[in-house]
Amino acid sequence: MKIKKAVIPAAGLGTRVLPATKAMPKEMLPIVDKPAIQYIVEEAVAAGIEDILIITGRNKEIIEDHFDRAPELEANLAKNHKDKMLDQCVKIANLANISYIRQRETKGLGHAISKARSFTGDDPFVVLYGDDVIMGKDPVAAQLCRAYEQYGKACVGIKQVAPEAISKYSSLKVQPLKDNLYDVTDMIEKPARGQEFSLFSILGRCLLTPEIYDILDRTEPGAGGEIQLTDAMAVLARRGGIIGVDFTGKRYDMGSKLGVMQAQVETALRHPEIGAEFTAYLKEIAAGL
């Protein structure tokens, strides 16, 4: 079965990158000339996704505006024969069928995903975390879809994190299957020292089956007093229901100031318009450090 639906949770407050996010969602922080969430939507589309639900919160109407048509701007660009810019703006609005729902209370990622039930129905769906931009030739969403087509199970994008960082993430109990694929049999969110299963953690991407919703309905608040998606996925894992994909691609944490700057700099170095000039500028700066 081909996966055609994706959910992007984007209702978080972005407190780690204040004051930039006081009035602007972190998902709209620019990476050179595109907001972070556009990279995420483009990844989903490149993986064959056609229908996308973005879960938003208060003061995030700017996300909807970005993926909408802009008649006044388009008319101005057409009048001034700025055809390339016009084409870029129109293409943004036609990337996919994008709909929105508001998470009225920030009760955690699990609570946010539960809001997608009417959108996904009985279909499996990809979740692309709004905090995480992942750059690479092979979209992580596509890597998960291929694993699902092979095993017919929920899948998670995983990477090993540093021992001192695992307490900030989830920790997975894994058994190698083949190549970069693992059988995930248990997991814990934000483990205390000594509770870790491994240094493998879910980083920004997962593919869920509709049974997750009934599990979420029974999931009590966990770490941070929030309904954690990890706690619900742990139930699936213990049933033998999750495949871990050690994905290829570079992840940028857009919820952290360092992650934002890393995404900016590394994308600018590769950018077709400014890459060469920015590289020269960076070498000049580095020489004086």
Side-chain angles (χ1 to χ4, degrees), residues 1-9 39-40 42-50 52 109-110 113 116 120 122-129 131-163 165-166 168-191 195-213 215-216 228-253:
M1 178 181 181
K2 294 290 184 182
I3 309 297
K4 297 296 184 183
K5 294 180 179 179
V7 176
I8 302 175
Y39 287 92
I40 297 172
E42 288 173 343
E43 177 194 327
V45 172
I49 300 297
E50 297 175 357
I52 297 173
L109 182 57
I113 295 303
T120 63
D122 295 327
D123 298 327
F125 57 99
V126 177
V127 178
L128 303 96
Y129 298 12
D131 280 351
D132 295 297
V133 172
I134 305 177
M135 306 284 197
K137 293 182 180 179
D138 187 8
V140 179
Q143 296 176 49
L144 297 183
C145 288
R146 291 196 299 269
Y148 174 79
E149 289 167 13
Q150 185 174 358
Y151 290 94
K153 296 181 178 181
C155 305
V156 289
I158 65 175
K159 280 289 180 189
Q160 291 195 58
V161 302
I166 192 67
K168 301 176 184 177
Y169 297 94
S170 57
S171 175
L172 311 184
K173 188 175 184 179
V174 299
Q175 291 290 334
L177 285 174
K178 66 173 185 178
D179 302 326
N180 64 327
L181 301 180
Y182 294 80
D183 186 19
V184 179
T185 57
D186 206 347
M187 61 183 73
I188 183 172
E189 180 69 15
K190 294 181 174 59
Q195 290 184 320
E196 310 93 337
F197 290 117
S198 74
L199 296 180
F200 273 112
S201 183
I202 300 169
L203 294 185
R205 302 290 182 270
C206 56
L207 188 159
L208 299 173
T209 51
E211 62 188 307
I212 196 68
Y213 292 118
I215 298 172
L216 282 169
Q228 297 290 346
L229 181 61
T230 302
D231 293 342
M233 288 193 291
V235 176
L236 276 182
R238 293 171 200 137
R239 295 175 182 173
I242 293 187
I243 301 297
V245 181
D246 188 358
F247 61 83
T248 59
K250 177 67 180 289
R251 168 188 175 260
Y252 301 99
D253 180 2

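- The side-chain heavy atoms of Ile188 and Thr230, taken from C-beta on, include no pair separated by under 4.5 Å.
- Contact check for Asp123 versus Lys4: no side-chain heavy atoms found under the 4.5 Å cut-off.
- Of the inter-residue distances, the one linking Tyr252 atom OH with Ile134 atom CD1 reads 11.0 Å to the nearest 0.5 angstrom.
- Between Pro191 and Tyr169, the closest heavy-atom pair is CD-O, 3.3 Å.
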Report task. Go through the steps to decide whether Lys5 and Val7 satisfy the test side-chain contact (heavy atoms from CB on, under 4.5 Å), and finish with yes or no. Result -> CA-CA 7 Å; Lys5 294 180 179 179; Val7 176; over 6 Å; no
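- Here salt bridge (charged side-chain N to carboxylate O under 4.0 Å, His left out) pairs that include residues 200-209, with residues two or more places apart or in two chains, are Glu43-Arg205.
- Inter-residue side-chain proximity for Met233 and Val184 is flagged as unmet; no heavy-atom pair is nearer than 4.5 Å.
- Minimum heavy-atom separation, Leu216 to Ala232: CD2-CB, 3.6 Å.
- Here the closest heavy-atom approach between residue Ser171 and residue Ser198 is recorded as OG-O, 2.7 Å.
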What donor-acceptor contacts under 3.5 angstrom involve side-chain atoms of residues 144-159, with partners at least two apart or in another chain?
residue: Arg146; atom: NH1; partner: Asp138; partner atom: OD1; Å: 3.3
residue: Arg146; atom: NH2; partner: Asp138; partner atom: OD2; Å: 2.6
residue: Lys153; atom: NZ; partner: Gly240; partner atom: O; Å: 2.9
residue: Lys159; atom: NZ; partner: Asp246; partner atom: OD1; Å: 3.2
residue: Lys159; atom: NZ; partner: Phe247; partner atom: O; Å: 2.5

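- Using modelled atom types and a 3.5 Å distance limit, the side chains of Gln143 and Thr248 yield a donor-acceptor pair.
- With sequence neighbours excluded, the residues forming a side-chain contact (heavy atoms from CB on, under 4.5 Å) with Asp186 are Lys173, Phe197, Ala234, Arg238, listed by chain and number.
- Under the 4.5 Å side-chain criterion, counting only non-hydrogen atoms from C-beta, Pro9 is in contact with Ile113.
- We find the CD1-CD distance between Ile166 and Glu196 to be 7.0 Å, quoted to the nearest 0.5 Å.
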